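As the structure is a prediction and not an experimental result, all values here were calculated from the model. First listed ligand is number 1; within each ligand, the first listed atom is number 1.
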Amino acid sequence: MVRHLVDVEDLSAHEIATIFAIARDLEAKYAAGLREPLFPGRVLGLVFEKQSLRTRASFEAAMAHLGGTSLFLGADTGFASSRECIADYGRVLSQYVDAIVCRSKAHETVAALAAVAHVPVINGLSDHSHPCQALADLYVLERQVGKLAGLTLAFVGDGNNVARSLAVACGLVGMKFVLAAPRGYQFDDAFRAHVRTLLPQAECHETTDAVAAVTGAAAVYTDVWTSMGQEAERARRTRDLAAYQVNEALMRHCPDALFMHCLPARRGEEVTDGVIDGARSIVVEQAAARMHLQKGLLAWLLGHR
Ligand code: CP
Ligand code: NVA
């Protein structure tokens, strides 16, 4: 059966640990100057409906390091347009490539692609989730802190795609997740019910109190208040989320916490320069971890055990 990564929960905790171990091994070899060509001649297709720096560049670099190549397929290939249906696009593309990364506007689009593709489909961000980001974040956090189980990650701001994937990933690895957001920006009932069913033991909390959320946290995470596709709501979102900025005053309530952000950041909005450039910020390490984690993920999906 072809395995996909449409959402974090497509992986078990054990599989996440396996992927982390492969990624750590390949990262150590890379650091020693060794780019093990595990997959010569293999091709990764990147089907993107939205802008990207990190996801695109890190996957392309990862595939090159593994001895393979990438095809970037942007708007001119007509994906999810009136040119042809997703089923035809996915079945045809599966004949040319060994795996597909898809960044879609609607989550249903990446799910539909996975349903028809004959090769692994990896969600490279949708409006609902960003599983590669969350997995890379926990991969780098584990290295920084030395463990994951028992830690608390506080997400301050919009309960968006990145927050949802982090909530599930934290639950899977035994971390507590707390979302601090105003009402209207917290998770919806369907997602809450999904998490309760999927991970009944998970400590997944929501609050309007950012100070309470960050107190005792190992990491404080934020993301933009207006995600791609929400630009028309920008004025309202900026106003409603203004009290949830991660700034020096908030970070004083958690003196041992690291600061995390998936990037790109809107400096001066969800985070101040002082915090994102400060000594406790690991945002560049997070971006670097995207490549290493995804190398482990590709190797695992393509059959390296
Ligand atoms: N964090 C992240 O996914 O960045 P890009 O949108 O640049 O890929
Ligand atoms: N929430 C952001 C994440 C970008 C990596 C967005 O969807 O635009």
Check: Linking I/L/V/M/F/W/Y whenever any side-chain heavy atoms sit under 4.5 Å apart, do F155 and V8 land together?
Finding: yes
Item checked: Where at least one partner belongs to residues 144-154, residue pairs that pass side-chain hydrogen bond (donor to acceptor under 3.5 Å, both in side chains), sequence neighbours excluded -> none
Checklist line | Hphob cluster co-occupancy, V283 + V275, side-chain heavy atoms under 4.5 angstrom | finding: yes
Check: Looking at residues at least two apart in the chain, or sitting in another chain, which of them share a salt bridge (Lys or Arg N to Asp or Glu O under 4.0 Å) with D188?
Finding: none
Checklist line | ligand 2-proximal atoms of L263, by part, heavy-atom distance under 4.0 Å | finding: backbone
Item checked: With I19, the side-chain contact (heavy atoms from CB on, under 4.5 Å) member among L135, L301, L297, L5 -> L297
Next item on the list: May I ask you to check whether R103 has an N/O atom sitting below 3.5 Å from an N/O atom of ligand 2?
Entry: no
Note to self: Please list the nearest protein heavy atom to atom 8 (O) of ligand 2 with its residue and the distance rounded to 0.1 Å.
What the structure shows: M228 N, 2.8 Å
Next item on the list: Taking atom types as modelled, find out whether S129 and N123 have a side-chain donor-acceptor pair closer than 3.5 angstrom.
Entry: yes
Check: Quick one: does K50 get an N or O within less than 3.5 Å of an N or O on ligand 2?
Finding: no
Next item on the list: Mind jotting down which protein residues get a heavy-atom contact under 4.0 Å with ligand 1? Chain and number order, please.
Entry: S52, L53, R54, T55, R103, H130, Q133, C262, L263, R290
Next item on the list: Would you mind checking which non-hydrogen protein atom is closest to atom 3 (C) of ligand 2, with the distance to 0.1 Å?
Entry: D223 OD2, 3.5 Å
Check: How about R290 and T55: does a side-chain donor come under 3.5 Å of a side-chain acceptor?
Finding: yes
Next item on the list: Heavy-atom contacts with L125 under 4.0 Å: which atoms of ligand 2 show up? List them by number with element.
Entry: 3 (C), 4 (C), 5 (C), 7 (O)
Note to self: Is the positively charged end of R56 above the ring of F72, judged by distance under 6.0 angstrom from the centroid and angle within 45° of the axis?
What the structure shows: yes
Next item on the list: Looking only at distances, please establish whether an N/O atom of ligand 2 is found under 3.5 Å from an N/O atom of N161.
Entry: yes
Margin query: Please tell me whether D7 and H107 have a donor and an acceptor in their side chains that are separated by less than 3.5 angstrom.
Written below: yes
Check: If you measure from each non-hydrogen atom of D127 to ligand 2, which part falls under 4.0 Å: side chain, backbone, both or neither?
Finding: neither
Next item on the list: Among residues two or more places apart or on two chains, list those pairs meeting side-chain hydrogen bond (donor to acceptor under 3.5 Å, both in side chains) that have a residue in residues 74-85.
Entry: T77-Y89
